[in-house]
Protein chains: 2
Amino acid sequence: MDQDKLISPKRHRRVTAQDVADAAGVSRSAVSRAFTEGAYLDEEKRQRVRAAALDLGYRPNALAAGLQGGRSHLVAIFVGDMRNAYDTEVVTRLVGALNAIQKWPILIDGGGLSSVKEAMGEVLRYPLDALILRSGSMDPAIARECTKLHIPVISSGRVLYHPQIDNVCCRNQEGSQAAAQLLLDRGRVRFGYIAGPAGYSSSSARQDGMTRALAAAGLTPVAVEQGDFTVEGGLAAAERLFERARLDALLCANDAMAIGALGAARARGIDVPNDLSIVGFDDISMARWPGINLTTVCNPIDIYADKVVELLAARLADPEKPSDVAYIDTHLVLRGTH
Amino acid sequence: MDQDKLISPKRHRRVTAQDVADAAGVSRSAVSRAFTEGAYLDEEKRQRVRAAALDLGYRPNALAAGLQGGRSHLVAIFVGDMRNAYDTEVVTRLVGALNAIQKWPILIDGGGLSSVKEAMGEVLRYPLDALILRSGSMDPAIARECTKLHIPVISSGRVLYHPQIDNVCCRNQEGSQAAAQLLLDRGRVRFGYIAGPAGYSSSSARQDGMTRALAAAGLTPVAVEQGDFTVEGGLAAAERLFERARLDALLCANDAMAIGALGAARARGIDVPNDLSIVGFDDISMARWPGINLTTVCNPIDIYADKVVELLAARLADPEKPSDVAYIDTHLVLRGTH
DNA sequence: CATGTCTATGCACACGCGTTCAGATACCCG
DNA sequence: CGGGTATCTGAACGCGTGTGCATAGACATG
């Protein structure tokens with residue numbers, strides 16, 4: 001102790017409850033009680049403790065408190081790729097919603113990381129209150145490992161069928177079907193589709209929705225190309241489409257690619273929306289920017305984030321409850337490109 | 001108590017080192033050593049312990065480890081407003097850079113929160129390795145409180161002069177000056193400016209840069225309007241400007257507002273760039289999207305984030321080192337609107 | 001006065017881990 | 001065989017809390 005001080009006199013120790021107790025002339029228990037709602041403590045003494053705490057800059061160490069077996073109030077959010085605009089917007093809302101209920105989100109970005117699995121392993125060393133998965137190609141083994149650790153998992157954007165994992169997912173197929181129907185009603189007949197990378201269920205479900213609407217009208221898609229959910233990828237995919245076929249309707253698996261496609265069409269002198277309709281999916285904030293003004297299927301972000309937090313709260317309240325899948329309804333947003 | 005146990009008899013305890021020790025038939029110390037690099041432990045025994053740990057799904061509890069006085073590996077990032085595109089992009093890079101060095105960022109979004117101060121107070125209960133401030137109007141009292149807790153603070157986008165706070169900041173004035181010079185060289189003379197909200201030093205520094213370049217050419221700005229750093233705000237501000245004066249050059253305090261201004265100009269039938277040059281600031285990813293293709297001042301995000309992490313590492317290595325201000329150089333990105 | 005209820009307080013334990021310390025075992029050299 | 005060294009091991013402590021438990025006093029009720 002004395003020796004410690006000599007060795008590293010400057011390595012500042014955090015102010016502890018004992019320090020406050022000494023300063024206020026009370027026992028350490030009293031300090032703890034002064035910060036605990038509903039604990040018996042003389043009001044005058046409580047004031048004295050809080051004054052001393054304020055003076056010393058004391059606040060109860062959340063790590064030590066979390067060790068007690070209670071909640072840590074830490075929640076991890078694993079994001080498939082934060083450079084994706086829709087994912088970022090969802091994460092933004094999630095962070096806000098979690099902050100509002102005093103949960104503190106730790107972010108892990110799969111997009112910027114070489115060894116996602118290792119990172120997840122490190123973060124799982126913290127006794128998390130929950131893990132939120134946002135899209136991305138997370139190794140399902142990790143999700144299973146979490147349930148083994150008895151950490152609630154909530155998956156968003158991709159349904160994981162597991163008895164202990166809750167899911168939030170929008171009605172991709174219905175949304176896309178409605179978009180295709182809109183264009184059919186407008187008289188469009190030569191449909192193209194720009195898909196996302198293979199393995200993303202949202203992309204294929206959206207494609208299915210379009211195909212189904214076309215089939216009901218006795219049509220089939222003229223051409224399909226694959227993009228990578230980015231603007232540049234959408235632009236490139238659209239150029240390939242335009243080479244292959246003359247279209248009058250183009251549905252895209254997400255808004256970013258639709259924006260790219262819009263750029264490709266304009267560069268080629270195609271009149272949108274007179275000669276070609278382009279419809280995206282998600283309704284990211286940029287879709288309503290001037291110069292873009294994209295007609296799209298709204299995948300309502302606020303509702304989405306709120307639902308995730310709602311499921312989280314329900315799961316924390318009853319860890320044994322059966323797993324749940326919440327479906328979010330989409331709706332068309334008519335702007336200038338259909 | 002007993003009642004609790006009856007209500008949730010299954011409240012699963014986390015697997016602990018003792019559990020692994022029992023399973024492997026060794027002491028708890030041995031388990032700890034099995035996970036500690038450079039500790040004496042019979043190799044055969046270490047293998048046995050790790051096998052048992054893998055089987056039980058054990059991993060050392062980071063909370064308990066952090067209590068030891070070492071680092072917690074938790075870093076808080078306070079973001080002024082995550083709905084701001086530039087801030088989100090910086091945060092994205094920061095998250096990636098921190099993940100890469102095994103630091104786990106806790107996000108707090110000032111934009112989505114009613115009581116920022118309270119939220120910060122709660123997060124400061126964790127023994128953070130550091131606090132990163134990203135723009136925003138954080139109460140300086142909180143930053144001071146952090147230094148009181150001996151938590152390193154790194155401010156980005158706004159220089160806080162405090163002996164224990166490191167800063168990263170781009171050369172706003174020089175960047176804006178160069179942009180103005182570009183347009184002067186092109187023969188522009190009637191300059192307008194769309195500023196950010198009052199109190200943002202970056203906005204005023206950028207305005208100063210423009211004013212200085214104009215002064216050197218014997219000119220003064222024709223009109224200045226104030227926006228709120230959003231696309232919509234930029235659009236509205238530009239409309240007010242166009243009402244007031246006929247301009248041939250328009251500089252904006254950030255890209256988002258420049259994109260809004262671009263929309264306003266086009267809606268009014270103004271030919272950009274032939275009749276009007278518009279230049280933004282930041283070079284967010286959308287600036288290069290088709291249909292936008294904005295000429296702007298690049299505020300290099302990667303370098304920015306790397307610098308923050310570099311300062312963080314230096315501060316952790318030597319907590320007593322004098323505070324530092326790292327200035328980031330900007331450069332012009334010539335696209336289609338100048 | 002006897003008994004019971006309510007409030008207030010300090011002690012001591014538990015949380016899960018890293019690490020120090022003292023002791024034990026194995027090995028080599030003289 | 002004795003003594004020194006290197007390797008291994010378990011018991012024990014401390015990190016900073018929250019909280020159960022026992023005790024003590026204040027007060028009301030019978």
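Proteins get letters first, then strands, A, B, ... in listed order; numbering begins at 1 in each. Remember, predicted model here, so these are calculated numbers, not experimental data.
Within the nucleic acid shown, B/Leu63 has no heavy atom closer than 4.0 Å to any nucleic acid atom. A/Tyr58 comes within 4.0 angstrom of sugar-phosphate atoms only, judged by non-hydrogen atoms across all strands, and of no base.
Distance from the side chain of A/Ala30 is smallest for C/dG10 among the nucleotides C/dG10, D/dG10, C/dG16. Closest to the B/Ser32 side chain, of the nucleotides C/dT19, C/dC17, D/dG16, is C/dT19. Distance from the side chain of B/Ser27 is smallest for D/dG10 among the nucleotides D/dG10, D/dT17, D/dT9. Comparing C/dC15, D/dA12, D/dG14 against the side chain of B/Arg28 picks out D/dA12 as the nearest. For A/Asp42, the listed nucleotide lying nearest its side chain is C/dT9; candidates were D/dG10, D/dG18, C/dT9.
Under the 4.5 Å side-chain criterion, counting only non-hydrogen atoms from C-beta, A/Val308 is not in contact with A/Val90.
Residue-to-nucleotide contacts include no donor-acceptor pair under 3.5 Å from the side chain of A/Arg125 to the base of C/dG16. Within 3.5 Å, a donor on the side chain of B/Ser29 pairs with an acceptor on the base of D/dA11, or the reverse. For C/dG10, its base sits under 3.5 Å from the side chain of A/Arg33 at one donor and acceptor pair at least.
To the nearest angstrom, P of D/dC15 lies 18 Å from CZ of B/Arg71. A straight line from CZ of B/Arg13 to P of C/dG16 spans 6 Å, rounded to a whole angstrom. Rounded to whole Å, the distance from CD on A/Glu43 to C1' on C/dT9 is 16 Å. Straight-line distance from the CG atom of B/Asn61 to the P atom of C/dG16: 7 Å, rounded to whole Å. Between the C1' atom of C/dT19 and the CD atom of B/Glu37 lies a distance of 16 Å, rounded to the nearest Å. The OH atom of A/Tyr40 sits 15 Å away from the P atom of D/dT19 (whole-angstrom rounding). For the pair B/Leu41 CG and C/dA24 P, the computed distance is 20 Å after rounding to whole Å. The distance between atom CD of A/Gln68 and atom P of D/dT19, rounded to the nearest whole Å, is 7 Å.
Classification of B/Asp19 and B/Arg13 as a salt-bridged pair holds, one side-chain N sitting under 4.0 Å from a carboxylate O. By the 4.0 Å N-to-carboxylate-O rule, A/Lys321 lies close enough to A/Asp166 to be salt-bridged with it.
Only at 4.0 angstrom or more do the heavy atoms of residues 48-57 of chain B sit from any atom of DNA chain D, so none qualifies.
Between B/Lys45 and D/dT9, a side-chain N or O to OP1/OP2 separation shorter than 4.0 Å is present.
Legend: side chain to side chain donor-acceptor pair (under 3.5 Å) pairs involving residues 57-68 of chain B, not counting sequence neighbours, sorted by first then second residue: A/Glu145-B/Arg59. Residue pairs meeting the side chain to side chain donor-acceptor pair (under 3.5 Å) criterion with at least one partner in residues 97-111 of chain B, sequence neighbours excluded, are B/His73-B/Lys103, B/Lys103-B/Asp129.
Nucleotides of DNA chain D nearest to A/Ala64 and B/Val26 differ in position, and the one nearer the 5' end is that of B/Val26.
Over its full length, the helix from C/dC1-D/dG30 to C/dG30-D/dC1 turns its helical axis through 50°, comparing axes from the five pairs at each end and rounding to 10°.
Just one of B/Ile301, B/Asp306, B/Ile303 meets the side chain to side chain contact (heavy atoms under 4.5 Å, CB included) condition when paired with B/Ile328; it is B/Ile303.
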For residues 22-35 of chain B, which side-chain donor-acceptor pairs fall under 3.5 Å, sequence neighbours excluded?
{"residue": "B/Asp22", "atom": "OD1", "partner": "B/Gln18", "partner atom": "NE2", "Å": "3.0"}
{"residue": "B/Ser27", "atom": "OG", "partner": "B/Ser29", "partner atom": "N", "Å": "3.4"}
{"residue": "B/Ser27", "atom": "OG", "partner": "B/Ala30", "partner atom": "N", "Å": "3.3"}

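The closest donor-acceptor contact from the side chain of A/Arg83 to the backbone of A/Gly111 lies under 3.5 Å.
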Assess whether side chain to side chain donor-acceptor pair (under 3.5 Å) is satisfied between A/Ser156 and A/Arg134, documenting all intermediate values. CA-CA 5 Å; A/Ser156 127; A/Arg134 170 58 217 167; 2.9 Å; yes

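Partners of A/Asp302 according to the salt bridge (charged side-chain N to carboxylate O under 4.0 Å, His left out) rule, which considers only residues two or more places apart in sequence or in another chain, are A/Arg93.
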